[in-house]
Amino acid sequence: MDAQSFTLKLTRGAANCGAVSMTMQKSDFLRILTERGFIHQGSDMSGIDDLAAKGGLVAYVGYDCTAPSLHVGSLISIMMMHWLQATGNKPIALMGGGTTRVGDPSGKDESRAIRSIEDIEANKNGIKTVFAKILKFGDGKTDALMVDNAEWLAPLNYIDFLRDVGRHFSVNRMLTMDSARMRLEREQELSFIEFNYMLLQAYDYVELSRRYGCNLQMGGSDQWGNIVTGIDLGRRMGTPQLYALTCPLLTTASGAKMGKTASGAIWLNEAQLSTYDYWQFWRNTEDADVGRFLRLFTTLPMDEIARLSALQGAEINEAKKVLATEATALVHSREKAEAAALTAQKTFEQGSLATDLPTIEIPAADIDNELGVLAAFVTAGLVKSNGEARRQVAGGGLRINDQPMTDEKAKLRRSDVGPDGVIKLSLGKKKHVLLRPV
RNA sequence: GGACAGGUGCCCGAGCGGUUAAAGGGGACGGACUGUAAAUCCGUUGGCUUUGCCUACGUUGGUUCAAAUCCAACCCUGUCCA
């Protein structure tokens with residue numbers, strides 16, 4: 001027990017990224033990550049630096065399969081893998097097909113519902129698509145790998161696992177780790193299945209070390225405890241030295257969690273969030289975040305970013321447009337990103353109708369049957385219920401073809417269909433959907 | 001297993017027999033102001049075929065003209081004891 005807490009303190013002591021100054025870094029990898037603001041904490045920066053300088057890093061990031069797409073919260077670690085690969089090292093994207101069956105308590109207030117195995121598999125397939133856009137996969141030395149921890153976790157035998165892995169863990173110490181401690185302090189439940197998550201993630205790291213020579217785990221700062229636990233387990237189970245590198249958890253300058261809105265998370269997959277909406281998300285970045293986001297979420301050269309970040313007042317909108325297009329090009333495609341930029345320009349700057357706004361098709365008969373205006377907004381997905389539509393009418397938030405709506409009993413008519421064959425519905429000034437009768 | 005404290009709307013949290021679709025705060029959405037920013041101010045924040053109806057305060061029953069509020073059992077959480 002004493003020996004354990006001692007090694008942990010040592011690890012933590014050397015952890016602060018400030019311990020190694022930028023000028024000392026030999027590797028492009030750490031230099032780029034540092035100047036772009038990716039680094040929160042690392043376990044042994046000079047050790048990582050040495051490996052990176054000779055292209056010797058094999059680094060993994062684990063992703064939960066709790067949804068059919070990752071959202072922008074995961075993008076920062078994906079970008080870390082991008083730079084890792086771009087500087088001659090090997091990334092591994094680990095799908096948590098096994099660990100998601102257990103559930104990570106880190107940074108969460110309360111336990112999530114346990115997901116069905118079919119859901120997890122479906123989610124896994126959705127998540128995979130985004131990696132293909134940002135990383136190069138294959139069999140080469142620096143080609144990315146994608147593996148699923150269900151491969152080794154699912155067949156585990158409980159007794160063997162306890163004897164081989166469980167014996168290296170001190171419950172005393174596990175209880176002091178943030179993920180468990182926060183639950184205990186807030187008097188919130190921490191179930192045994194979640195408590196075990198830490199062991200499984202630690203074991204993942206050891207398994208990846210053995211299978212692929214993986215020697216670095218990256219993740220959000222909330223993963224620090226899980227990562228160093230894996231390092232510790234590796235030492236006890238005889239792996240080569242393992243390292244940890246975490247990035248800051250993103251919040252906006254006003255302190256809100258990044259990528260969560262009432263209308264839903266900012267998904268990376270186009271199936272969950274249209275390219276136009278994804279572009280808009282970045283376009284609406286707060287002034288104070290523009291520089292930071294350009295460094296984290298685009299691959300523009302630093303001097304270009306410095307120029308854009310220096311813009312003041314209304315001019316910073318130009319920087320936001322660049323940010324939106326670049327960030328969207330990475331995750332969707334450049335063509336689609338530029339189309340979204342053009343749509344936005346027509347809609348916001350020229351006040352003209354952009355026909356490639358998100359479009360919903362409705363049966364033309366609905367119009368002839370006098371589709372209620374409230375129902376039309378619900379159909380378009382701009383509001384959740386007729387009641388909400390009513391309230392928005394009262395508050396002046398709904399417009400049809402850019403005309404504010406005042407009568408909630410109004411019906412859509414043939415004459416509302418414009419020359420482009422669509423009716424433009426708007427919620428507020430920013431959200432627009434086209435209804436196309438077919 | 002025992003004692004005690006709890007389980008309220010997206011979240012936190014007040015209410016403790018009728019005036020409660022439920023105070024207050026946060027978040028979110030809309031309006032004003034702007035630069036598709038932030039800050040600020042204002043409004044809204046269960047559903048519907050909306051002068052009304054339906055659903056909702058852990059679950060199921062009960063008492064009562066009337067229950068989120070009282071009673072019973074059960075489920076769940078926490079603290080302490082075994």
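Residue numbering restarts at 1 for every chain, and letters A, B, ... go by the order of the sequence lines.
In this structure, CG of Leu425(A) is placed 15 Å from P of rG30(B), rounded to the nearest angstrom. One interatomic measurement links the two molecules: CG of Asp289(A) to P of rA38(B), which rounds to 10 Å at whole-angstrom precision. Across the protein-nucleic acid pair, Lys384(A) atom NZ and rA28(B) atom P stand 13 Å apart, rounded to whole Å. Atom NZ of Lys321(A) and atom P of rA37(B) are 13 Å apart (whole Å). Taking atom CZ on Arg283(A) and atom P on rA38(B), their separation rounds to 11 Å, with Å as the unit. Summarising the geometry, the separation between NE2 on His432(A) and P on rG30(B) is reported as 11 Å, rounded to the nearest angstrom.
Checking rC48(B) for Watson-Crick or G-U wobble geometry (two distances, each under 3.5 Å) identifies rG52(B) as its partner. Here rC16(B) sits opposite no nucleotide as a Watson-Crick or G-U wobble pair (both hydrogen-bonding atom distances under 3.5 Å). Across all strands shown, rU69(B) forms no Watson-Crick or G-U wobble pair with both distances under 3.5 Å. Nucleotide rG78(B) forms a Watson-Crick or G-U wobble pair with rC4(B), both donor-acceptor distances falling under 3.5 Å. Nucleotide rG35(B) forms a pair with no other nucleotide shown, judged by Watson-Crick or G-U wobble geometry with both contacts under 3.5 Å. In this structure, rA22(B) forms no base pair with any nucleotide, since neither Watson-Crick nor G-U wobble geometry is met with both distances under 3.5 Å.
Across the C1' atoms, rA68(B) and rA56(B) are found 10 Å apart, a figure rounded to whole Å. Only the P atoms considered, rG1(B) is 27 Å distant from rC70(B), to the nearest whole Å. The same atom, C1', is picked in rU45(B) and in rA21(B); the two are 12 Å apart, to the nearest Å. Comparing rU34(B) with rU50(B), their C1' atoms are spaced 37 Å from each other, to the whole Å. Between the P atoms of rG46(B) and rA23(B), the separation comes to 9 Å (whole Å). Atom name C1', nucleotides rC29(B) and rU19(B): the rounded distance is 30 Å, in whole Å. Comparing the same atom, P, in rA5(B) and in rG9(B) gives a spacing of 22 Å after rounding to whole Å. Separating the C1' atom of rA14(B) from that of rA82(B) is a span of 37 Å, rounded to the nearest Å.
Among rG35(B), rU36(B), rG31(B), the nucleotide with an atom closest to any side-chain atom of Lys320(A) is rG35(B). The listed nucleotides are rU49(B), rU36(B), rC29(B); the one nearest the side chain of Asn386(A) is rU49(B). Distance from the side chain of Lys429(A) is smallest to rU34(B) among rG35(B), rU34(B), rG30(B). Listed nucleotides rU36(B), rG35(B), rU44(B) differ in distance to Arg391(A); the shortest reach to its side chain belongs to rU44(B). The side chain of Leu427(A) approaches rG30(B) more closely than any other nucleotide in the set rA37(B), rU50(B), rG30(B).
Contact check for Glu318(A) versus Leu308(A): no side-chain heavy atoms found under the 4.5 Å cut-off. Looking at Phe161(A) and Leu200(A), their side chains come closer than 4.5 Å, going by heavy atoms from C-beta outward.
Gln223(A) and Gln201(A) form a side-chain donor-acceptor contact under 3.5 Å, judged by distance and modelled atom types alone.
Among the protein residues, Glu315(A) comes within range of no part of the nucleic acid, since none of its heavy atoms lies under 4.0 Å from any strand. Within 4.0 Å of Ile316(A), counting heavy atoms only, lies at least one base atom of the nucleic acid. Ala344(A) comes within 4.0 angstrom of a nucleotide base, judged by non-hydrogen atoms across all strands. Heavy atoms of Thr347(A) sit nowhere under 4.0 angstrom from any nucleic acid atom.
Remark: of the listed residues Lys336(A), Glu338(A), Glu335(A), His332(A), His332(A) is the sole one forming a side-chain hydrogen bond (donor to acceptor under 3.5 Å, both in side chains) with Thr275(A).
Comparing Ala314(A) and Lys409(A), the nucleotide of RNA chain B nearest to each residue sits closer to the 5' end for Ala314(A). RNA chain B is contacted by both Ser385(A) and Gly397(A); Gly397(A) maps to the nucleotide lying nearer its 5′ end (nearest heavy atom per residue).
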